[in-house]
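Report on the following structure.
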Amino acid sequence: MNTTETQELSIGGNIWNIADTDERETEQMCRQLGLSPNLSKLLLLRGINTNSAPYFLNPKLSTSMPNPSVLNDMDKAAERIANAIISHQKIGIIGDYDVDGATSTSVLRLFLTYNNVETAVHIPEREEGYGPSDLAFQEFENFGADLVITVDCGTTAFDVLERGAEKFEIIVLDHHEAETKLPKIYAVVNPKRLDQSDDHPDLGYMAAVGVVFMTIVAVNRILREKNFYTPEHPEPNLMQWLDLVALGTVCDVVTLLGINRAYVTQGLKIMSNRQNLGLKTLADLSGINEKPDAYHLGFVLGPRINAGGRVGKASVGSRLLCSTNPLEAQKLAEELNTFNQERKDIEGFVLSQSIEILEGTPQNWPMAFVYNKGWHQGVIGIVAGKLKERYNLPAFVMSIEDDEVKGSARSIPGVDLGALIIAAKEKGVITKGGGHTMAAGFSLTEEQIPLFEQFAREYISKSLNNTEPHPILNIDLSLNLTAANNNLCEELERLKPFGTGNPEPLILIRNVYIEKPYIIGSGHIKCELSTLTKERLSAIAFKVADTEIGKEILSRRHDCYDVVGNLRFNHWNNRTTLQFMMTDIKRAR
């Protein structure tokens, strides 16, 4: 149940919804599990009940991962891979150019290499296009491969896989949406197969790297049963590769519940040991000198690995994660760092041009729709996301190339982009495309742009019932300043890792005064929150100096405010302090 703080908008232009839970359920969880009312409420808001709470608070693979055999074709695929290992056959691997693709490829390759299998890896460049290609199969033929495995791709690559199947046995390990039919190949392991049992629904949330990990668990079990391992060649500890599983899972923005929560929680523990040379080198270069969490995976390491596929060489990320040579690892990590800076520069250029177009000429509500010649295809999705955040409208960004127009889009609640793109294809106003509710990619001709713009505008207007949308902040807890203390922050830490399906709790602190505000860095504002009884809490608001929120904080036009944000521990110079990360404010009533 949610309580809306009337329809009055905050200074940031948001509607505040304060979540509520059944008091009896909350009291029952407190009593049975010995948890505080705040932690019990937060668990209930995430759909975690008294029975599932212990597993959520202490996620382990031993209780989260079912027998891999529950996935269709798993036993068949695992038996074939095990036989290839035992027979010392060569294996070709086709991956994807994003972080999930890089980690999926690396986990499989590291396991096969440990077992003395020669592998050839093909990561397509962005210009080559997503998924398997005839070029990859030609490379594998030259390499002398006996088996080909695709990871993070392949489920709907019917034509190219069936051509490849004339020369190779092919196994697909994937997590993308499937169609009624499957490619006519040796095996397709994908929890989203339409004929897959729904006995374990959380398997459908897995990133591809999670599917790969389940596969090597199944293969390893067969090798053990066949007495493949010996004192001279002992069984590997598969847990050593969970750091890569965690990285791919977080960066693919999949739901962090069930098995994914266990993957990331355990993987972060492995990552803190800094065993993977490539990850350690990249972390050092990125300035990570603390215990890593999901933030470091999603916003520090992930973008650097992704940058190779966006603006550089797609294979660099996978090569780094498999590297055992310190000099090579340093060189590859530096390459990715350079690619990431180039990506930032290109992204900034395209974003500034997009804003100039949108704000320099009258725009037709209800969307941000921009296109230009030569914009880099590797950043248009990121730019679309930033435009969506800036304007709180669905955003479409297109790059006009010589032969076609490539586009990317990001949405807001209430507008299903996947359905929009399917409908646009059926109407013939784009040539191809696909996506999910909140994100999509598409292609069209330059001549089709006006038709597509009109179609998208009408579709979105209808979806929004011709009313201007306002972003809604779903607030988990409403507190006074005294309650925002170290004990509460320690309880919030128990809910980590945060991500899709388990967002960081949003906290409302009522009736505070803003003291000593000042600008630091690139538009951040630091200040103190205080009460009449002299309680104080350090606070910061990022990149708000030129916004309405920033102007209000700096001017303090009103005496007393309600503030919304996240409560965190700030680790700096070997000191740990409490800090409130403000995201919105409103004049207190």
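Judged by distance alone, with hydrogens and angles left aside, the side-chain atoms of Arg46 form a donor-acceptor pair with the main-chain N or O of Pro503 at under 3.5 Å. Panel note: side chain Lys425, backbone Gly433; a donor-acceptor pair is recorded below 3.5 Å. Using modelled atom types, one side-chain atom of Ser64 and one backbone atom of Lys60 make a donor-acceptor pair closer than 3.5 Å. Side chain of Arg304 to main chain of Val300: a donor-acceptor pair is present (N/O by atom type, distance under 3.5 Å, no hydrogens or angles). In terms of modelled atom types and a separation under 3.5 Å, the side chain of Gln448 and the main chain of Gly428 share a donor-acceptor contact. In this structure, Asn372 contributes its side chain and Trp375 its backbone to no donor-acceptor pair below 3.5 Å. For the pair Gln266 (side chain) and Pro59 (backbone), a donor-acceptor distance under 3.5 Å is present. Side-chain N or O atoms of Arg193 include one that pairs as donor or acceptor with a backbone N or O of Val188 at under 3.5 Å. Formation of a donor-acceptor pair under 3.5 Å by the Glu162 side chain with backbone atoms of Lys184 is found in this model. Panel note: side chain Asn237, backbone Met239; a donor-acceptor pair is recorded below 3.5 Å.
The OG1 atom of Thr265 lies 9.5 Å from the CG atom of Leu61; values are rounded to the nearest 0.5 Å. Going from atom OG1 of Thr437 over to atom CG of Leu417 covers 8.5 Å, rounded to the nearest 0.5 Å. To the nearest 0.5 angstrom, Ile430 atom CD1 is 12.5 Å from Ile449 atom CD1. With values rounded to the nearest 0.5 angstrom, Cys251 atom SG is found 9.0 Å from Asp98 atom CG. Here the straight-line distance linking atom CD1 of Ile460 with atom CG of Leu393 works out to 8.0 Å at 0.5 Å rounding. Between Ile185 atom CD1 and Ile171 atom CD1 the span is 8.5 Å, to the nearest 0.5 Å.
Ile170 and Ala165 get closest at one heavy-atom pair: CD1-N, 3.5 Å. Nearest heavy atom pair, residue Ala456 against residue Met367, reads CB-SD, 3.9 Å. Closest of all the heavy-atom pairs between Ile222 and Ala82 is CG2-CB, 3.7 Å. Across all non-hydrogen atoms, the minimal contact from Phe111 to Tyr229 is CE1-OH, 4.1 Å. Nearest heavy atom pair, residue Ala208 against residue Asp100, reads N-OD2, 2.9 Å. In terms of heavy atoms, Val250 sits closest to Ala294 at CG1-O, 3.8 Å.
Relative to the six-membered ring of Tyr186, Lys76 meets both conditions, a distance below 6.0 Å and an angle of at most 45° to the axis. The cationic group of Lys427 does not satisfy the cation-pi geometry with Phe455, failing either the under 6.0 Å distance to the six-membered ring centre or the 45° limit from the ring axis.
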Determine, step by step, whether Ser104 and Leu173 satisfy the side chain to side chain contact (heavy atoms under 4.5 Å, CB included) criterion, reporting the C-alpha distance in whole Å, the side-chain angles of both residues, the deciding distance to 0.1 Å, and the verdict.
CA-CA 9 Å; Ser104 298; Leu173 305 179; over 6 Å; no
Apply side chain to side chain contact (heavy atoms under 4.5 Å, CB included) to the pair Leu110 and Leu244, showing each step before the final yes or no.
CA-CA 11 Å; Leu110 287 167; Leu244 301 183; 3.7 Å; yes
Is there a salt bridge (Lys or Arg N to Asp or Glu O under 4.0 Å) between Glu458 and Lys462 once you walk through the steps?
CA-CA 6 Å; Glu458 291 173 356; Lys462 186 176 179 181; over 6 Å; no
Applying salt bridge (Lys or Arg N to Asp or Glu O under 4.0 Å), run through Lys386 and Glu347 and close with a yes or a no.
CA-CA 10 Å; Lys386 295 198 170 181; Glu347 176 193 319; 2.6 Å; yes
Full working for salt bridge (Lys or Arg N to Asp or Glu O under 4.0 Å) between Asp284 and Lys280:
CA-CA 6 Å; Asp284 289 342; Lys280 174 187 178 300; 3.2 Å; yes
Would you sort out whether Ser408 and Val397 count as a side chain to side chain contact (heavy atoms under 4.5 Å, CB included), showing the intermediate values?
CA-CA 6 Å; Ser408 192; Val397 181; 5.6 Å; no
Apply the test side chain to side chain contact (heavy atoms under 4.5 Å, CB included) to residues Asn115 and His233: give CA-CA distance (whole Å), side-chain angles for both, the deciding distance (0.1 Å), then the verdict.
CA-CA 8 Å; Asn115 286 311; His233 181 64; 3.0 Å; yes
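With no hydrogens or angles considered, a side-chain donor-acceptor pair links Asn83 and Lys226 at under 3.5 Å. Inspection of the Gln138 and Asn142 side chains reveals an N or O donor paired with an N or O acceptor under 3.5 Å. Side-chain contact annotation: Asp345 with Gln341, donor-acceptor N/O pair under 3.5 Å present. Under 3.5 Å, the side chains of Asn190 and Thr155 contain a donor-acceptor pair of N or O atoms.
Note: His175 and Tyr205 fail the aromatic proximity criterion, with ring centroids not under 6.0 Å apart. Checked against a 6.0 Å centroid threshold, the rings of His122 and Phe137 do not count as neighbours.
Met398 has its side chain out of reach of Glu453: every pair of non-hydrogen atoms, C-beta onward, lies at least 4.5 Å apart. Looking at heavy atoms from C-beta onward, Leu108 lies out of side-chain contact with Thr215 at the 4.5 angstrom threshold. Residues Val254 and Thr500 have side chains not in contact (no heavy-atom distance under 4.5 Å, counting atoms from C-beta outward). Between Lys192 and His176, the closest side-chain pair of non-hydrogen atoms is not below 4.5 Å. Looking at heavy atoms from C-beta onward, Ile259 lies out of side-chain contact with His200 at the 4.5 angstrom threshold. Using a 4.5 Å heavy-atom threshold, the side chains of Pro497 and Asp293 count as separate. Put simply, the side chain of Leu112 reaches to within 4.5 Å of the side chain of Ile85, judged on heavy atoms. Residues Lys432 and Glu404 have side chains in contact (heavy-atom distance under 4.5 Å, counting atoms from C-beta outward).
Counting heavy atoms of neighbouring residues, nucleotides and ligands inside a 6.0 Å radius, atom OH of Tyr371 does not exceed 12 of them. More than 12 heavy atoms of other residues, nucleotides or ligands sit less than 6.0 Å from atom OH of Tyr114. Atom OH of Tyr55 has 12 or fewer heavy atoms from other residues, nucleotides or ligands within 6.0 Å. Phe143 CZ: more than 12 foreign heavy atoms inside a 6.0 Å radius. Within 6.0 Å of NZ on Lys313 lie no more than 12 heavy atoms contributed by other residues, nucleotides or ligands.
The aromatic rings of Phe452 and Phe442 sit tilted, their planes meeting at an angle between 30° and 60°.
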